[in-house]
Amino acid sequence: MEVAVVGGPLKKYRVTSASGVESVVKYNAADAERLGLTDADLAPERQAASDVQLPDDEPQAKARSGSRNKARTSARSKAADGGGA
């Protein structure tokens, strides 16, 4: 199959594969019509995470603290352990 340059605005369509898996795919109007997709197959628009309102009684997530497994910043040598030279 030869792939042409996509033209026009893209819309998200729900498509079910032959194995029964449902996916959301972006098609322009011409490709959607060629594949037999209609407005009934359009995927619902998702809200952005910043637009979602949490109820007041639900606790907010706490900020994470720094990692506890950081590498040591000072170098150790044998002389520091009391070992001699």
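Everything numeric here is computed off the predicted structure, so don't read it as measured data.
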Item to check | side-chain contact (heavy atoms from CB on, under 4.5 Å) evaluation trace for Val15 with Tyr27 | outcome: CA-CA 11 Å; Val15 178; Tyr27 288 119; 4.1 Å; yes
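- The shortest distance between side-chain heavy atoms of Leu42 and Tyr13 falls below 4.5 Å.
- In this structure, Asp41 and Gly36 approach most closely via the heavy-atom pair OD2-O, 4.2 Å.
- Between atom CG of residue Asn28 and atom NZ of residue Lys11 there is a gap of 10.5 Å, rounded to the nearest 0.5 Å.
- Linking ILVMFWY side-chain heavy atoms closer than 4.5 Å, directly or via other members, places Leu35 and Val25 in a single hydrophobic cluster.
- Looking at every heavy atom in both residues, Pro44 comes nearest to Arg14 through CD-NH1, 3.6 Å.
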